[in-house]
Amino acid sequence: MSSTFRVAVAGASGYAGGEMLRLLAAHPQAEVGAVTAHTSAGSLLGEHQPHLRSLAHRVIEPTTPEALAGHDVVVLALPHGASGEIAARLPAGTLVLDLGADHRLTDADAWRAFYGSEHAGSWPYGLPELILAEGAGGDAPARQRDRLAGATRVAVPGCNVTAVTLGLQPGVAAGLIDPSDVVAVLANGYSGAGRSLKPHLLASEGLGSAQPYAVGGTHRHIPEIVQNLRAAGASGVRLSFTPTLVPMARGILATATAPLAAGVDPAAAARTVRSAWAEAYDGEPFVHLLPEGQWPGTAMTQGANTALVQVAVDAAAGRVVTVTAIDNLVKGTAGQAVQAMNIALGLPETTGLDTEGVAP
């Protein structure tokens, strides 16, 4: 695709919608069309996203199928459960990117169990680097990007899901870890909780404090992580998942561990494990295995569509330890959406995503 294309963004006043607009404003072929929201309709975008100076003068329209019609791409940055009805009324030929959870899960029962409503159906999953085990057969496993080319509907993954999946999937695909005892503990920036005014999200509550949430198997990203590990070849996945809010605006640092698979010698596993992770991400433009001894930090990925991964073997415990850092609003949400959009439209995957991290 060589010409420009028009993109509408629903949910433009929220964090995810604002990040999507920031990336689209710098995309060489994207033209921002309608910006819509619900309660902020009628106000100027600059009142809600003052950093987006090139778009600050735009008037936010109500989120309706009519306002979103006539665009080549529609981005739905809406609360969970709100995308299905809008998407069903958009033309079949329009590329729709859902930043919410409505179309990520393939198991309707899992959706009902974790979200408490009827399932809106499944769309092609927007994690290009996801390993697909059925692609293995002497050749390297296939990747999800192969299923995104030409897609007109894309379900953008959850941010926590992205971090944990990218950390663990090389070991699953290579048969080096036992997925029946996966433990993931995450440090999460507050922007991942959205822009709602809730007491525990106030600066007076969050500054100087760390607090867990959705503890004890209740977090809605659990079935999505399990789905991804199964796609990479795991069976019998059991996951203990605990996210923790820490006093930073952006970022996820995900520590995910699993036992070495039966038959893998802990004393000799370090080289084999590292080789599997290096091979899995060799040539990937956005997912990088760091040099030995260097560990990811969230500041390394801020503002960039980058996932930084490190892996080690705890021989005494017989476990593989992975640490993955991403910016939850970029590789965890909007950057990943742009990446999938590029693939679906036949553009180079990296178009508009050349921002390096902005640390410190």
Side-chain angles (χ1 to χ4, degrees), residues 1-2 5 23 27 29-30 72-73 75 87 92-99 101-107 121-159 161-175 179 223-235 237 276-289 305-307 309 324 326 330-354:
M1 177 178 246
S2 57
F5 52 90
L23 297 176
H27 194 290
Q29 291 177 245
D72 302 295
V73 180
V75 178
T94 301
L95 172 57
V96 183
L97 306 167
D98 186 3
L99 305 191
D102 292 30
H103 302 96
R104 295 172 186 164
L105 297 182
T106 58
D107 185 338
S122 301
W123 289 358
Y125 191 68
L127 179 57
E129 300 90 354
L130 179 65
I131 297 172
L132 304 178
E134 67 266 26
D139 298 322
R143 301 296 169 114
Q144 182 65 15
R145 63 170 49 87
D146 301 329
R147 297 180 173 179
L148 294 175
T152 58
R153 298 289 189 269
V154 175
V156 178
C159 53
V161 180
T162 297
V164 175
T165 299
L166 294 176
L168 289 174
Q169 67 169 358
V172 170
E224 192 181 342
I225 296 169
V226 171
Q227 177 176 288
N228 287 354
L229 297 183
R230 286 175 176 164
S235 60
V237 180
W277 264 253
E279 182 178 349
Y281 295 131
D282 180 40
E284 285 290 348
F286 298 116
V287 184
H288 305 285
L289 179 66
N305 193 53
T306 307
V309 182
T324 304
I326 63 171
V330 190
K331 184 56 177 163
T333 310
Q336 190 138 262
V338 171
Q339 188 181 348
M341 177 189 75
N342 287 337
I343 296 170
L345 295 177
L347 298 172
E349 190 170 333
T350 58
T351 306
L353 294 171
D354 55 357

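Every value quoted in this text rests on a predicted model; they were computed, and no experiment measured them.
- At a threshold of 4.5 Å between non-hydrogen side-chain atoms, the residues H288 and Y281 do not count as touching.
- The CG atom of L166 sits 6.5 Å away from atom OG1 of T324, with the distance rounded to the nearest 0.5 Å.
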Working note: V96 + H103, criterion side chain to side chain contact (heavy atoms under 4.5 Å, CB included); need CA distance, chi angles, decisive distance, verdict.
CA-CA 11 Å; V96 183; H103 302 96; over 6 Å; no

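- For the pair G126 and P157, the tightest heavy-atom approach, listed with the atom from each and the gap, is O-CD, 3.3 Å.
- Rounding to the nearest 0.5 Å places OG1 of T351 at 8.5 Å from CE of M341.
- Annotation: side-chain contact (heavy atoms from CB on, under 4.5 Å) contacts of D107 (sequence neighbours excluded): D109, A110.
- Taking both residues in full, the closest heavy atoms of A151 and P124 are given as CB-CG, 4.4 Å, listed atom of the first, atom of the second, then distance.
- For T350, the side-chain contact (heavy atoms from CB on, under 4.5 Å) test picks out P285, F286, with sequence neighbours left out.
- Remark: D102 engages no residue in a side chain to side chain donor-acceptor pair (under 3.5 Å) (not counting sequence neighbours).
- Under the rule for a side-chain contact (heavy atoms from CB on, under 4.5 Å), the partners of A340 that lie at least two apart in sequence or sit in another chain are L148, V154.
- Distance check: H27 NE2 to D354 CG gives 10.0 Å after rounding to the nearest 0.5 Å.
- Scored by the side chain to side chain donor-acceptor pair (under 3.5 Å) test, T165 finds N228 as partners (sequence neighbours excluded).
- Residues W277 and G167 come closest through the heavy atom pair NE1-O, 2.8 Å.
- At least one side-chain heavy atom of L132 sits under 4.5 Å from a side-chain heavy atom of R147.
- Atom CD in Q336 sits 4.0 Å away from atom OG1 in T162 (nearest 0.5 Å).
- Taking each heavy atom of V156 and A337 in turn, the nearest pair found is CG2-CB, 3.8 Å.
- Every residue was checked against the side chain to side chain donor-acceptor pair (under 3.5 Å) condition with Q144, not counting sequence neighbours, and none meets it.
- In this structure, the side chains of L345 and Q29 stay at 4.5 Å or more apart for every pair of heavy atoms.
- Atom CD of Q169 sits about 6.5 Å away from atom CG of L127, to the nearest 0.5 Å.
- Put simply, the side chain of E224 gets close to the backbone of G158: a donor and an acceptor are under 3.5 Å apart.
- For the salt bridge (charged side-chain N to carboxylate O under 4.0 Å, His left out) test, residues two or more places apart in sequence or in another chain that qualify with R145 are E284, E349.
- Applying the side-chain contact (heavy atoms from CB on, under 4.5 Å) test to A173 and every residue at least two apart in sequence or in another chain returns I131.
- Residues A344 and L95 share a closest heavy-atom pair of CB-CD2, 3.9 Å.
- For T106, the side chain to side chain donor-acceptor pair (under 3.5 Å) test picks out Q227, with sequence neighbours left out.
- When side chains are defined from C-beta on, T306 does not count as touching K331, because their heavy atoms never get closer than 4.5 Å.
- Among all heavy-atom pairs drawn from T333 and C159, the shortest one is OG1-CB, 4.4 Å.
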